[in-house]
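To start, the structure under review is shown below, and the notes come after it.
Computation of the quantities below employed the complete heavy-atom set of this structure, encompassing side-chain atoms and omitting hydrogens, waters and symmetry-equivalent molecules. We number each residue from 1, following the sequence as shown.
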Amino acid sequence: MSNGRTKYLWIGMILIHFCFLLYQGFEGGYFLVDSEDYIQASKNLWEKQSLYSAEMDEGNLYEGNFSRRPPLYPAFLLPAYILNESWIIGLILQNLISLLSIGLFLKIYQLLYPDKNIPYLLIACLFFYPAQFIYANLIMSESLFQLLLTASLFYLLKGEKEDSKKYFLLHACCLAAALLTKPVLYLFIPVHALYFLFRGVRKRKSYFFLTALIPLIVLFSYSWRNYLQTDYLHVSSVQNINLLQYPVTYILSQEMEVEKADSLIDHFHVEARKKESFKEEQKYWSEKNREVLFRYPGTFIKLQVRGMLNFFLDPGRFDVYHFFGIKASAGEGLMATFGKDGYRGIWNYLARQPLGILFLLFGVLLINGIKFLGLLAFPFQKEIPLRSRLYIWLPVIYLAAVTGVMGASRFSLPVFFFLLLMLVPFIEKLHSLYLKIRSQ
């Protein structure tokens with residue numbers, strides 16, 4: 001890898017992170033809707049040794065708030081909370097985390113492509129990805145989650161290369177920590193465990209068993225903790241409400257008149273509030289969500305595929321508008337429009353937006369399209385070992401699938417560097433094709 005390219009890459013990354021941090025320091029717009037949950041959980045963790053993610057009114061506690069947010073990010077925010085709620089300290093730490101993730105990406109690049117300079121197009125992808133800099137400067141867990149997933153990949157590939165117990169165990173610990181940052185990995189962990197248990201039996205190496213069991217034990221321990229708090233075995237209380245707010249709401253909006261769909265959703269909420277316990281409420285939500293999903297499977301599949309495409313292609317309009325305080329045109333937001341009207345709705349929506357922002361978002365969309373093509377081609381790049389290809393490709397597909405209908409730039413941020421790593425062979429193929437055409 002060229003030291004010159006790496007040097008200028010680092011200079012650029014540090015400057016951009018600093019500028020975004022400086023802007024946020026003056027503007028103070030640190031928060032999204034979910035930020036309040038993390039702040040309250042951090043406050044209660046410090047003051048009452050509880051992860052309750054709302055104000056603790058002792059006479060009116062909602063059990064779902066005990067398991068709404070996992071512990072690692074609220075713990076990460078503790079220094080900022082303790083120092084008189086100086087959230088800028090949390091943002092400084094997150095910018096350092098973002099830069100550390102870039103450093104890990106470069107180390108993984110050296111592992112996979114030791115004799116190749118980092119392509120200029122890949123450097124452009126790093127610079128033209130606003131979400132990397134925006135979420136490092138919001139009170140949100142995405143940057144920490146990205147670091148842990150990137151570290152887990154680095155240690156896994158390092159373990160494969162050196163057949164090292166230490167690196168496999170570090171991989172397992174990073175994956176477990178990622179689960180305790182965002183519970184979205186709860187379906188991935190059992191598959192990961194089965195794979196490494198199989199390798200442990202086949203290779204007769206005890207550290208493969210530990211690699212399998214560490215994240216699995218953390219998953220079941222955290223779920224059991226939630227059971228003790230709520231009398232309901234689950235990983236996160238947001239799971240059912242997310243299903244209701246996105247796939248179920250979007251499906252009903254497409255299958256019936258909007259007023260009727262809204263009325264039905266309101267009815268679900270009213271009935272849920274009548275339940276005597278959190279456990280009964282969650283069972284009710286689960287039943288109603290399944291009922292809608294199975295009643296309209298075709299619509300669900302269409303929305304799921306469309307959402308997965310958006311996971312890869314979304315240029316992050318919401319992120320840019322929120323961070324820079326740009327007022328959107330009147331009407332519903334882009335994601336609501338997308339959920340109801342699809343890509344036709346997106347084009348109609350974008351036609352009403354500021355021209356300068358459209359050029360920026362179009363550039364990001366173009367790069368996202370190239371990354372998507374790299375993702376599709378990567379499984380067939382036989383110069384990279386099959387196991388390494390699967391380690392990089394499968395977590396990306398998994399996250400795209402589980403976020404599904406909600407697919408947006410924010411959800412792809414944690415695997416941004418996975419996508420860049422997959423792009424390298426595709427860039428080489430494009431370059432070879434260009435040289436061939438030019439020579440003719």
Side-chain angles (χ1 to χ4, degrees), residues 1-3 5-6 9-10 97 99-119 122-123 125-126 145-179 185 188-189 191-216 218 371 374-375 377-399 414-429:
M1 187 184 300
S2 169
N3 289 331
R5 292 187 193 184
T6 306
L9 170 62
W10 273 117
I97 277 176
L99 291 169
L100 182 55
S101 295
I102 293 169
L104 283 170
F105 158 69
L106 293 175
K107 283 185 175 295
I108 299 171
Y109 185 93
Q110 287 180 314
L111 281 175
L112 287 174
Y113 312 108
D115 302 320
K116 298 177 182 177
N117 288 330
I118 185 167
L122 208 65
I123 294 174
C125 290
L126 276 166
F145 190 48
Q146 181 192 64
L147 173 68
L148 292 168
L149 285 183
T150 307
S152 76
L153 177 63
F154 170 69
Y155 288 127
L156 183 55
L157 294 175
K158 191 81 168 172
E160 291 288 351
K161 185 173 183 178
E162 300 186 9
D163 194 19
S164 167
K165 172 183 178 180
K166 176 180 73 172
Y167 290 121
F168 278 110
L169 295 183
L170 284 170
H171 155 74
C173 291
C174 287
L175 194 61
L179 171 72
L185 294 176
F188 184 80
I189 298 297
V191 177
H192 172 274
L194 286 173
Y195 169 71
F196 277 101
L197 287 172
F198 173 76
R199 284 191 73 182
V201 171
R202 188 179 175 188
K203 298 287 187 180
R204 298 182 181 178
K205 292 183 177 179
S206 61
Y207 60 80
F208 283 139
F209 291 104
L210 288 172
T211 303
L213 292 176
I214 288 172
L216 195 63
V218 169
K371 288 190 296 184
L375 167 89
F378 189 71
F380 309 101
Q381 306 295 345
K382 294 184 179 180
E383 63 270 26
I384 299 170
L386 175 61
R387 197 170 280 148
S388 297
R389 276 179 274 158
L390 292 176
Y391 290 158
I392 298 170
W393 194 75
L394 288 177
V396 177
I397 298 301
Y398 169 79
L399 277 183
V415 289
F416 170 56
F417 298 115
F418 290 60
L419 289 164
L420 291 190
L421 291 166
M422 288 188 276
L423 185 55
V424 177
F426 185 71
I427 291 175
E428 290 183 336
K429 295 288 193 301

Is any side-chain heavy atom of I108 closer than 4.5 Å to a side-chain heavy atom of F418?
no
The residue among L170, L156, L169 that forms side-chain contact (heavy atoms from CB on, under 4.5 Å) with T211 is L169
Can you find a pair of side-chain heavy atoms, one from L423 and one from C125, that are under 4.5 Å apart?
yes
So, W393 side chain and L375 main chain: donor-acceptor pair closer than 3.5 Å or not?
yes
CG (L216) and CG (L194) are apart, to the nearest 0.5 Å, by 8.5 Å
Tell me if the NZ atom of K205 is crowded by more than 12 foreign heavy atoms within 6.0 Å.
yes
Are Y109 and L420 close enough that some pair of their side-chain heavy atoms sits under 4.5 Å apart?
no
Name the orientation class of the two ring planes belonging to F168 and F196 (parallel below 30°, tilted from 30 to 60°, perpendicular beyond 60°).
perpendicular
Tell me the closest heavy-atom pair linking F426 and A377, and the distance in Å.
CD1-CB, 4.1 Å
In Å and rounded to the nearest 0.5 Å, what is the CG to CG distance from L147 to L100?
5.0 Å
Of L126, L149, V396, the one forming a side-chain contact (heavy atoms from CB on, under 4.5 Å) with F416 is L126
Between the side chain of Y113 and the main-chain N/O of L421, is any donor-acceptor distance below 3.5 Å?
yes
Residues in side chain to side chain donor-acceptor pair (under 3.5 Å) contact with Q381, at least two apart in sequence or another chain:
K429
Gap between atom CG of L394 and atom OH of Y195 - 0.5 Å precision
10.0 Å
Shortest non-hydrogen contact between P119 and I427, atoms and distance:
CB-CG2, 3.9 Å
How many angstroms lie between atom NZ of K165 and atom OH of Y207, to the nearest 0.5 angstrom?
9.5 Å
Which heavy atom of I118 sits nearest a heavy atom of I123, and at what distance?
CG2-CD1, 4.0 Å
Does the side chain of Y391 come within less than 4.5 Å of L157's, by heavy atoms?
yes
Less than 4.0 Å between a side-chain N and a carboxylate O, is that true for E160 and R199?
yes
S101 and Q146, any side-chain heavy atoms less than 4.5 Å apart
yes
Inter-residue atom distance L179.CG - S152.OG, 0.5 Å rounding:
12.0 Å
Between F417 and the options L106, I392, I102, the side-chain contact (heavy atoms from CB on, under 4.5 Å) test singles out I102
Indicate yes or no: at least one non-hydrogen side-chain atom of H192 is less than 4.5 angstrom from one of H171.
yes
Show your working on side chain to side chain contact (heavy atoms under 4.5 Å, CB included) between V424 and F378 and close with a plain yes or no.
CA-CA 9 Å; V424 177; F378 189 71; over 6 Å; no
Is the closest side-chain heavy-atom distance between L399 and F188 below 4.5 Å?
no
Taking side chain as C-beta onward, heavy atoms only, is Y398 less than 4.5 Å from L185?
yes
Test side chain to side chain contact (heavy atoms under 4.5 Å, CB included) on M422 and K371; report intermediate values, then the result.
CA-CA 8 Å; M422 288 188 276; K371 288 190 296 184; over 6 Å; no
Locate the shortest heavy-atom distance separating P215 from A176; write the atom from each residue and the value.
CA-CB, 4.0 Å
Return the CD to CG distance between E162 and L111, rounded to the nearest 0.5 Å.
8.0 Å
Correct closest heavy-atom pair for E383 and P425 would be OE2-CB, 3.7 Å
Closest non-hydrogen atom pair between S388 and L112, with its separation:
CB-CD2, 4.3 Å
